[in-house]
Amino acid sequence: KLLYSMQKVLTHEVGAGAPCLKCGDKCPGLDLHFWRKICRNCKCKQEDHDVVASVSTRGIDNIGKLLMQDREVNSENQSPTKTTSPTKTSPVKQSKPVAPVAATYEWTPQASDPKLVDSYVSALPKDKQPIVGSAGAKYRKKQLMRQLPSHDQEPNECHDLTPQETTEMSLFVKQYREKALGVARVEENPKLKVTMFLRWSYYSCAECRNPLDEGDAVVWAERAGSERYWHPGCFSCAECKELLVDLIYFYHDGKIYCGRHYCELHKPRCAACDELIFAPEYTQAEDCYWHLKHFCCWHCDQPLGGKNYVPHDNQPVCIPCYEKTFAHTCSTCSEIIAPNTEWVTFEEHHWHANSNCFKCTQCSQSLVGKPCIPKGSMVFCCSKCKREKI
């Protein structure tokens with residue numbers, strides 16, 4: 001069931017204090033960066049923290065509003081005498097979803113027959129079944145935040161958009177609402193279909209191409225066509241391969257996508273703030289995109305435009321932060337090895353790749369470009385020097 005709330009919450013306060021599911025006790029709790037969508041304590045993403053349900057559903061709340069808007073438009077344009085078919089209806093024009101058949105489900109799909117809900121859930125992988133208190137419930141909560149980020153749907157959820165960017169984003173959302181967004185439903189697999197040669201044939205899954213068993217619960221997405229069905233466990237994003245959370249899909253060129261990856265087909269996404277970029281100018285580096293104002297050091301937020309930086313995990317780091325946090329220390333001179341300097345590594349030991357540092361511990365002969373015998377933090381030119389020293 002798609003609901004929405006009008007309550008405003010500051011983005012950097014969302015989920016504050018939630019424990020990190022990746023770092024455990026190493027993270028004191030979610031402290032969301034003011035414009036990045038990461039924790040300032042552990043650098044993990046917001047969805048990697050055990051945020052409360054009201055936080056994880058913000059994206060789907062906005063989707064609910066978009067679907068309601070579409071229903072209102074359709075209602076205004078509908079003739080008073082027009083009747084609709086009781087069978088397959090548009091995912092965006094649908095009536096109220098059926099009531100949950102089991103109180104243990106956090107969410108239930110819209111189904112042509114309530115009995116199909118149990119069949120649908122049981123056909124999902126065990127760790128992805130939306131049962132209250134289970135691993136599947138946590139998976140659903142994480143995917144709600146990952147696949148349907150609220151800042152892809154609502155300009156007010158974004159950081160410091162200009163009036164022009166706000167207008168462009170609103171138009172973009174309106175276009176994908178009208179052309180791509182849909183909510184799939186669960187139906188009983190049709191028995192047979194007639195082929196072009198007037199022969200009966202079983203339907204096959206649109207993803208895995210394996211036959212769909214007669215009477216099984218299948219997923220149907222109207223935008224994909226009237227004769228395309230999926231196994232419940234196959235209705236996944238063409239890009240990230242994750243199950244489409246709550247059967248919300250975006251259709252494009254014959255494929256179904258989650259909201260995140262559909263948007264990325266059409267707009268670049270800032271690698272720093274995770275928001276779509278509607279500005280006419282932006283930075284592209286390390287196979288990623290950034291708002292001009294967000295091309296900053298991953299650690300200290302110092303602007304890096306026109307400055308040297310070091311890429312670390314696909315994020316730019318300024319030279320001082322790199323040397324403080326990531327740079328190695330030379331085992332000979334005990335000085336920091338600068339990022340633009342060549343060095344030699346053996347296990348956890350490192351040396352400047354010059355004759356002053358990478359040399360025989362016993363006779364001081366340079367070992368740059370020569371064979372050597374390492375021993376812990378020491379390195380030798382031959383067995384004789386090793387025996388004499390050790």
Side-chain angles (χ1 to χ4, degrees), residues 20 22-28 31 33 35-45 48 268-274 277 281-390:
C20 182
K22 282 188 173 181
C23 302
D25 294 338
K26 294 181 180 179
C27 175
D31 180 8
H33 189 282
W35 51 264
R36 298 183 191 270
K37 308 302 185 292
I38 62 168
C39 175
R40 292 193 292 185
N41 292 321
C42 64
K43 301 295 185 183
C44 291
K45 298 175 182 177
D48 292 324
R269 186 180 297 278
C270 179
C273 71
D274 197 50
I277 300 176
E281 296 183 352
Y282 53 87
T283 297
Q284 183 175 3
E286 311 301 331
D287 296 324
C288 294
Y289 305 93
W290 282 269
H291 288 106
L292 294 178
K293 60 187 176 184
H294 290 164
F295 189 59
C296 305
C297 174
W298 184 243
H299 284 264
C300 70
D301 290 338
Q302 176 187 350
L304 294 176
K307 298 180 180 179
N308 292 329
Y309 67 91
V310 181
H312 183 78
D313 290 339
N314 290 327
Q315 291 291 345
V317 180
C318 69
I319 301 302
C321 283
Y322 177 85
E323 293 182 345
K324 179 181 178 181
T325 308
F326 304 109
H328 301 301
T329 300
C330 179
S331 295
T332 299
C333 70
S334 299
E335 296 291 333
I336 291 292
I337 300 176
N340 58 346
T341 303
E342 293 184 350
W343 73 89
V344 180
T345 296
F346 175 72
E347 295 180 345
E348 72 274 17
H349 303 287
H350 314 275
W351 297 267
H352 287 104
N354 58 49
S355 57
N356 292 326
C357 294
F358 193 56
K359 59 185 179 182
C360 178
T361 305
Q362 178 62 16
C363 69
S364 298
Q365 176 184 341
S366 175
L367 297 175
V368 178
K370 298 179 181 179
C372 60
I373 304 174
K375 179 66 176 179
S377 62
M378 299 181 291
V379 62
F380 303 96
C381 62
C382 60
S383 299
K384 179 182 178 182
C385 282
K386 179 181 178 181
R387 290 194 300 269
E388 291 176 354
K389 181 66 176 180
I390 300 180

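Just so you know, these numbers come straight off a predicted model, no measurement behind them. No hydrogens, no waters, no symmetry mates; every other heavy atom, side chains included, goes into these values. Numbers for residues simply follow the sequence, beginning at 1.
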J.: More than 12 heavy atoms of other residues, nucleotides or ligands under 6.0 Å from CD of Glu342: is that the case?
T.: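 12 or below, so no.
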
J.: Parallel, tilted or perpendicular: which describes the rings of Phe326 and Tyr322, with under 30° parallel and over 60° perpendicular?
T.: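 Because their plane-to-plane angle lies in the 30° to 60° range, the rings of Phe326 and Tyr322 count as tilted.
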
J.: Does Arg269 reach the main-chain N or O of Asp274 with its side chain, forming a donor-acceptor pair under 3.5 Å?
T.: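 A pair under 3.5 Å: yes.
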
J.: Where is the tightest heavy-atom contact between Cys381 and Leu367, given as atom of each residue plus distance?
T.: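 Nearest pair, atom of Cys381 first, then Leu367: CB-CD2, 3.6 Å.
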
J.: Say you draw a straight line from SG of Cys372 to CZ of Phe380; how long is it, rounded to the nearest 0.5 Å?
T.: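 Here the rounded value is 10.5 Å.
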
J.: So which heavy atom on Pro316 is nearest to which on Cys296, and how close?
T.: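 Smallest heavy-atom distance, with atoms named: CG-O, 3.5 Å.
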
J.: Mind telling me whether Phe295 and Tyr309 have parallel, tilted or perpendicular rings, with 30° and 60° as the class edges?
T.: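 Tyr309 vs Phe295 ring planes: perpendicular.
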
J.: Applying side-chain hydrogen bond (donor to acceptor under 3.5 Å, both in side chains), can you list everything that pairs with Thr341, at least two apart in sequence or on another chain?
T.: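 In terms of side-chain hydrogen bond (donor to acceptor under 3.5 Å, both in side chains), with neighbours along the sequence ignored, Thr341 is linked to no residue.
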
J.: Take the angle between the ring planes of His350 and His328 and call it parallel below 30°, perpendicular above 60°, tilted in between.
T.: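 Correct class here is parallel.
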
J.: More than 12 heavy atoms of other residues, nucleotides or ligands under 6.0 Å from CD of Glu348: is that the case?
T.: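 Enclosed: over 12 neighbouring heavy atoms sit under 6.0 Å from CD of Glu348.
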
J.: Is the centre of the Trp35 ring less than 6.0 Å from the centre of the His294 ring?
T.: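 That pair passes the under 6.0 Å test.
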
J.: Can you list the steps and then say if Cys300 with Lys324 is a side-chain contact (heavy atoms from CB on, under 4.5 Å)?
T.: CA-CA 12 Å; Cys300 70; Lys324 179 181 178 181; over 6 Å; no

J.: Got Glu335 and His352 here, is their nearest side-chain heavy-atom distance under 4.5 Å?
T.: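 Side chain of Glu335 against side chain of His352, heavy atoms only: contact under 4.5 Å found.
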
J.: Rounded to the nearest 0.5 Å, what separation is found between the CG atom of Asn340 and the CG atom of Asn308?
T.: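 CG of Asn308 is found 8.0 Å from CG of Asn340.
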
J.: When you measure from the side chain of Thr361 to the backbone of Val379, do you find a donor-acceptor pair of N or O atoms at a distance under 3.5 Å?
T.: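 Looks like yes, one N/O pair under 3.5 Å.
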
J.: Considering residues at least two apart in sequence or located in another chain, which fulfil the salt bridge (charged side-chain N to carboxylate O under 4.0 Å, His left out) criterion with Lys22?
T.: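 Partners of Lys22 under the salt bridge (charged side-chain N to carboxylate O under 4.0 Å, His left out) test: Asp48.
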
J.: Can any side-chain N or O of Lys37 pair as donor or acceptor with the backbone N or O of Cys273 at less than 3.5 Å?
T.: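 Between the backbone of Cys273 and the side chain of Lys37 there is a qualifying donor-acceptor contact (under 3.5 Å).
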
J.: Are Cys39 and Cys27 close enough that some pair of their side-chain heavy atoms sits under 4.5 Å apart?
T.: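 The answer is yes; the side chains approach within 4.5 Å.
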
J.: Could you check whether any side-chain N or O of Gln315 sits under 3.5 Å from a backbone N or O of Ala271, counting only pairs where one atom can act as donor and the other as acceptor?
T.: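 At least one qualifying donor-acceptor pair exists.
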
J.: Parallel, tilted or perpendicular: which one describes the rings of Trp351 and His349, with boundaries at 30° and 60°?
T.: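 Trp351 and His349: tilted rings.
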
J.: Roughly how far apart are Ile38 CD1 and Asp31 CG, rounded to 0.5 Å?
T.: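 Here the interatomic distance stands at 10.5 Å.
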
J.: Drop me the distance from Arg387's CZ to Cys382's SG, to the nearest 0.5 angstrom.
T.: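 That separation rounds to 8.0 Å.
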
J.: Check the surroundings of atom NZ in Lys293: do more than 12 heavy atoms from other residues, nucleotides or ligands lie under 6.0 Å from it?
T.: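 Atom NZ in Lys293 is crowded, with more than 12 foreign heavy atoms closer than 6.0 Å.
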
J.: Evaluate the criterion side-chain contact (heavy atoms from CB on, under 4.5 Å) for residue pair Asp301 and His33; output intermediate values, then yes/no.
T.: CA-CA 11 Å; Asp301 290 338; His33 189 282; 2.7 Å; yes

J.: Might you point out which heavy atoms bring Val310 and Pro339 nearest each other, and give the distance in Å?
T.: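 What the structure gives for the nearest pair is CG2-CB, 3.4 Å.
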
J.: Show your reasoning for whether side-chain contact (heavy atoms from CB on, under 4.5 Å) applies to Asn356 and Cys333.
T.: CA-CA 9 Å; Asn356 292 326; Cys333 70; over 6 Å; no

J.: Measure the spacing between CE of Met378 and OG1 of Thr332 and express it to the nearest 0.5 Å.
T.: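 Taking CE in Met378 and OG1 in Thr332, the distance rounds to 11.5 Å.
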
J.: Is a side-chain donor or acceptor of Lys43 paired with a backbone partner of Trp298 at a separation under 3.5 angstrom?
T.: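 Yes: the side chain of Lys43 pairs with the backbone of Trp298.
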
J.: What's the shortest heavy-atom distance between Leu304 and Cys318, and which atoms?
T.: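 Closest pair (atom of Leu304, atom of Cys318, distance): CD2-CB, 3.8 Å.
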
J.: Checking side-chain contact (heavy atoms from CB on, under 4.5 Å) for the pair Thr329/Ile336: CA distance, chi angles, key distance, verdict?
T.: CA-CA 5 Å; Thr329 300; Ile336 291 292; 3.9 Å; yes

J.: Calculate, to the nearest 0.5 Å, the distance between atoms NZ and SG belonging to Lys359 and Cys357 respectively.
T.: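 Atom-to-atom, Lys359:NZ and Cys357:SG are 7.5 Å apart.
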
